[in-house]
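To start, the structure under review is shown below, and the notes come after it.
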Amino acid sequence: MLEEKKHFFRDQLLDWYQPEDRPLPWKNDKNTYAIWVSEIMLQQTRTDQVRPYYQRFFKYFPDLQSLAEANEDTVLHFWQGMGYYNRARNLLKAAKHIYFEFEGRYPEDYHAWIGIPGVGPYTAAAITSFSYNQPNAVLDGNVFRVLSRYFGVNTPIDSQEGKKLFQELSYQLLDKNNPGLYNQAIMDFGATVCKARNPKCEICPFQQNCTAILEDKVAFYPVKQKRTQKKKVKLYYLHLTDGKRVFIKKRSTSGIWPGLYEFPDFESRAKMIGDLQLLFPKEKIKLKKTADLRHQLTHRDIKAIIYQCHLNTTDLEKKKDWLLVETENLTNFAFHQLMKKYFRIFNH
DNA sequence: ATCCAGGATC
DNA sequence: GATCCTGGAT
């Protein structure tokens, strides 16, 4: 009975799948490089958001060599606003490894790909099935959702047991003759029909067999056990300018927004003033609050308070790791979304 | 305003 | 098990 249900699932899924129904830029790029780059971008990121980034990135870095020879600032510049910036740094590190150490030869199988920075179980399965047609089953959020609903699996997907169970199930279901096509099919199905919210059960080809539909518990799946709670954090940013130039600094490569640029930040308004007084005469320092922004990360709830301080050209000196940049040249630097949000508001 | 989806790393 | 981001749904 269960075997029958599995076979039915695979056959129906492949029957349903029409690749051209969901055209994506990277689907036409059949080479390993393009597949790898797109899969890294697609980690934790929706296709609609990736699309414009992928096109700009690919135009500028059309092959392994062009990426391997790039520097981190340039790669982050193309990545700015897309989030999870260690993906970009790992991608560059990996490109240099493959190009310079492996003489441009890509890893040959799943386990070799796992050894590449930024490539985990999902990405290794995606690359080796799409590019080499090797029989590795992808296990991403779509697959967890589709399988948990169809088979009515209520083991939490974020438990060790759940990961193992779903990995085995998805491997059994995989069409070993056409793993790339099958993997693409199940993820497209999850993204367009068996969606997390507002699933299109009324047009679903599995209506008669899906456990979740039959039990009227579609929204119950997939089952998860833990959710992270957010800590509240306050950040004080200094918008220090003479009207034509502005100070920015680069964030460290650990912690949030690694390697991205932003205004100098402080723990408190008092520390900001204290630092300013070391550099400029007290009477010239006038702070004006120009923004109060909220920004949410996975487990941080950031309240960013931005103060503007106008000083004369002659007053501005270079300090430690601060960079004095012409306002019109700000576009040369990679900023995170909180800064971009501020620029948008401020330029109005 | 709050909640949530989506993989890798150490 | 904690830490990395953003945008979209509600």
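This is a predicted model, so every value here is computed, not measured.
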Among residues at least two apart in sequence or on other chains, which ones pass ring-ring contact (aromatic ring centres under 6.0 Å, His included) with Y342(A)?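 Y342(A) satisfies ring-ring contact (aromatic ring centres under 6.0 Å, His included) with H239(A), F263(A), F346(A) only.
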Rounded off to whole Å, could you give me the [atom1]-to-[atom2] distance for the [X] and [N] pair?
{"X": "K163(A)", "N": "dG6(B)", "atom1": "NZ", "atom2": "C1'", "answer": "13 Å"}
{"X": "R87(A)", "N": "dG6(B)", "atom1": "CZ", "atom2": "P", "answer": "14 Å"}
{"X": "K195(A)", "N": "dC4(B)", "atom1": "NZ", "atom2": "P", "answer": "18 Å"}
{"X": "D188(A)", "N": "dG6(B)", "atom1": "CG", "atom2": "P", "answer": "13 Å"}
{"X": "R46(A)", "N": "dG8(C)", "atom1": "CZ", "atom2": "P", "answer": "8 Å"}
{"X": "W36(A)", "N": "dA8(B)", "atom1": "CH2", "atom2": "P", "answer": "14 Å"}
{"X": "Q167(A)", "N": "dG7(B)", "atom1": "CD", "atom2": "P", "answer": "13 Å"}
{"X": "D301(A)", "N": "dC4(C)", "atom1": "CG", "atom2": "P", "answer": "15 Å"}

Nucleotide nearest P121(A) (side chain, heavy atoms from C-beta), chosen from dG7(C), dA8(B), dG7(B): dA8(B)
Regarding the side chain of R145(A), the nearest nucleotide among dT9(B), dC4(C), dG6(B) is dG6(B)
Residue pair M82(A) / R87(A), side-chain heavy-atom distance below 4.5 Å: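 Yes - at least one pair of side-chain heavy atoms lies under 4.5 Å apart.
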Using a cut-off of less than 4.0 Å, is there contact between a side-chain N or O of [X] and OP1 or OP2 of [N]?
{"X": "T123(A)", "N": "dA8(B)", "answer": "yes"}
{"X": "R197(A)", "N": "dC3(B)", "answer": "no"}
{"X": "Q44(A)", "N": "dA8(B)", "answer": "no"}
{"X": "K230(A)", "N": "dC3(B)", "answer": "no"}
{"X": "N86(A)", "N": "dG7(B)", "answer": "no"}

Taking any heavy-atom pair under 4.0 Å as a contact, classify [X]: base, sugar-phosphate, or nothing.
{"X": "Y84(A)", "value": "base"}
{"X": "N198(A)", "value": "sugar-phosphate"}
{"X": "Q43(A)", "value": "sugar-phosphate"}

Quick one: does any side-chain atom of S38(A) pair with a main-chain N or O of A34(A) as donor and acceptor, under 3.5 Å?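 Yes, S38(A) side chain to A34(A) backbone: donor-acceptor pair under 3.5 Å.
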Nearest heavy atom decides the nucleotide; on that basis, is V119(A) or N142(A) closer to the 5' end of DNA chain B?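 It is N142(A) whose nearest nucleotide is closer to the 5' end.
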Just the table, please: protein N/O against nucleotides 1-3 of chain C N/O, every pair under 3.5 Å.
residue, atom, partner, partner atom, Å
dT3(C), O5', H299(A), NE2, 3.4

Checking Y150(A), Y221(A), F144(A), F151(A) against F166(A) for ring pair (Phe, Tyr, Trp, His ring centres under 6.0 Å), the one that qualifies is F144(A)
For residues L238(A) and I305(A): do they belong to one hydrophobic cluster (side chain heavy atoms under 4.5 Å, members Ile, Leu, Val, Met, Phe, Trp, Tyr)?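 Shared cluster, yes.
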Rounded to the nearest 0.5 Å, how far apart are CG of N136(A) and CD of Q167(A)? 8.5 Å
Going by chain and number, the hydrophobic cluster around I114(A) (ILVMFWY, side chain to side chain under 4.5 Å) further includes Y110(A)
Centres of the F9(A) and F206(A) rings: under 6.0 Å? yes
